[in-house]
Number of protein chains: 2
Amino acid sequence: MFVEFGFHATPTSKIAKEAGVANGTLFHYYKTKDELIFALYAHTKSHLTEYMYANASKDESLELVFKSIYTNTIEWAQENKPEFYFIQQFSTSPFYGLISHEEITKQAKPHLDFLQDGIKAAVIKPMPVDLLYTLINSHIAGINQYLSSQEFSTDKQKKIINESFQLLWDMIT
Amino acid sequence: MFVEFGFHATPTSKIAKEAGVANGTLFHYYKTKDELIFALYAHTKSHLTEYMYANASKDESLELVFKSIYTNTIEWAQENKPEFYFIQQFSTSPFYGLISHEEITKQAKPHLDFLQDGIKAAVIKPMPVDLLYTLINSHIAGINQYLSSQEFSTDKQKKIINESFQLLWDMIT
DNA sequence: ACAATGATTGACTAATCAGTCTACAAATAT
DNA sequence: ATATTTGTAGACTGATTAGTCAATCATTGT
């Protein structure tokens with residue numbers, strides 16, 4: 001509903017109704033509407049992170065692990081479009097600025113470590129990991145936007161993902 | 001104010017006050033608050049577009065023209081952070097979905113044409129221009145996010161822009 | 001069996017908001 | 001000079017909203 005109508009155009013009364021509970025119940029679990037929004041963001045973000053690292057055996061080469069994470073992320077986004085869109089909407093909203101810097105770095109830590117390993121192993125080009133991370137995230141956001149902009153067959157979609165991965169991989173290695 | 005507080009947390013009364021006019025005056029020029037928001041988006045977007053193509057002499061090589069557009073865009077974004085942030089906020093909000101598809105393609109047309117020329121000239125890799133366009137936009141959004149995340153000296157900033165341009169250029173050519 | 005705590009309800013409220021309306025002022029046209 | 005249109009003002013309204021509250025209901029521990 002936040003994605004469809006926006007944060008403030010989605011009243012708590014409708015959220016409660018959609019959830020099948022009374023108005024008061026909602027405020028029993030979340031002191032304020034903002035708290036609910038933050039909780040939803042954290043919840044959604046952790047779902048994505050969990051899915052990203054699924055099937056990531058540490059035996060594979062760094063490229064294969066990275067490709068697995070890349071593919072997983074896009075797959076999750078395509079199968080959970082509202083959730084992914086919500087993350088983006090939240091990230092570019094004033095709400096995002098209210099999250100503590102600490103929380104954000106904590107969230108990004110595992111990803112940054114992974115990239116740092118890649119640099120240390122002389123696989124990934126030496127550059128600030130923050131920059132690298134941002135570039136990768138933006139790239140993935142772009143691919144998702146493209147994949148959502150029109151209807152592709154599953155095969156065509158896989159082809160796009162493979163090719164765009166190669167572009168990204170060549171760029172950072 | 002939209003960037004700072006969000007769309008609905010910015011009442012028309014405060015907009016009018018900030019603009020130094022009475023409440024009624026605002027609604028004399030914009031029938032609804034939404035109309036004002038759309039107008040602000042169109043206004044801001046056209047400012048950016050104008051700046052992007054500044055100093056773009058058609059005599060230069062395609063790479064130099066592209067680099068000029070690239071640099072201009074990032075410069076504008078860094079010098080007009082709230083405006084750039086507003087465009088991003090708007091683009092990932094439910095408002096964006098209310099803009100006609102026609103309007104969007106019309107807006108992107110010159111950029112797509114430019115990229116198409118690059119492909120025809122065998123400078124840019126052959127791929128769907130939509131995809132190319134999205135990748136470039138995402139890349140630029142990422143760089144801006146990175147540049148805004150910490151304070152860089154002007155020299156350092158220029159260095160980052162140059163290096164990241166090279167990454168992008170190598171990726172698409 | 002009986003406390004005690006936690007969960008659920010929905011009517012209620014105080015505040016806020018987008019948009020209206022009437023009156024007046026300024027500018028422009030005749 | 002007068003008439004007509006356009007711009008400005010700000011008090012006002014009806015609707016909506018986040019959040020409260022007092023009263024039940026359910027669950028758990030003893």
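What you are looking at is a predicted structure, and each value in this text was computed from that prediction instead of being measured. Heavy-atom basis, side chains included; hydrogens, waters and symmetry copies ignored. By convention in this document, chain letters (A, B, ...) are assigned in the order of the sequence lines, proteins followed by strands, and residues within each chain are numbered from 1.
Considering B/Ile124, B/Thr173, B/Ile172 in turn, B/Ile172 is the only one that fulfils the side chain to side chain contact (heavy atoms under 4.5 Å, CB included) rule with B/Phe66.
Look at CG on A/Leu36: it is 10 Å from P on D/dG19, rounded to the nearest Å. The nearest whole Å value for the distance from the CZ atom in A/Phe27 to the P atom in D/dG19 is 5 Å. In this structure, B/Lys17 atom NZ and D/dT8 atom P are separated by 19 Å, rounded to whole Å. Look at CG on A/Leu26: it is 12 Å from P on D/dT20, rounded to the nearest Å.
Dashed line: the shortest gap from a side-chain N or O of B/Thr25 to OP1 or OP2 of D/dG7 is not under 4.0 Å.
Partners of B/Ser149 under the side chain to side chain contact (heavy atoms under 4.5 Å, CB included) rule, at least two apart in sequence or in another chain, are B/Tyr146.
The pair B/Lys109-B/Asp113 counts as a salt bridge, with a side-chain nitrogen and a carboxylate oxygen less than 4.0 angstrom apart.
Nucleotides of DNA chain C lying under 4.0 Å from heavy atoms of chain A occupy a range whose first and last members, 5' to 3', are C/dA7 to C/dG10.
With hydrogens and angles disregarded, no donor-acceptor distance shorter than 3.5 Å links the side chain of A/Ser68 to the backbone of A/Leu64.
Counting only heavy atoms from C-beta outward, the side chains of B/Lys33 and B/Phe7 never approach each other to under 4.5 Å.
Of the candidates D/dA11, D/dG19, D/dA18, the closest approach to any side-chain atom of B/Asn23 belongs to D/dA11.
When hydrophobic residues (I, L, V, M, F, W, Y) are linked wherever their side-chain heavy atoms come within less than 4.5 Å, the members clustered with A/Phe5 are A/Met1.
Each of B/Thr32 and A/His28 lies near DNA chain C, and the nucleotide nearest A/His28 is the one positioned closer to the 5' end.
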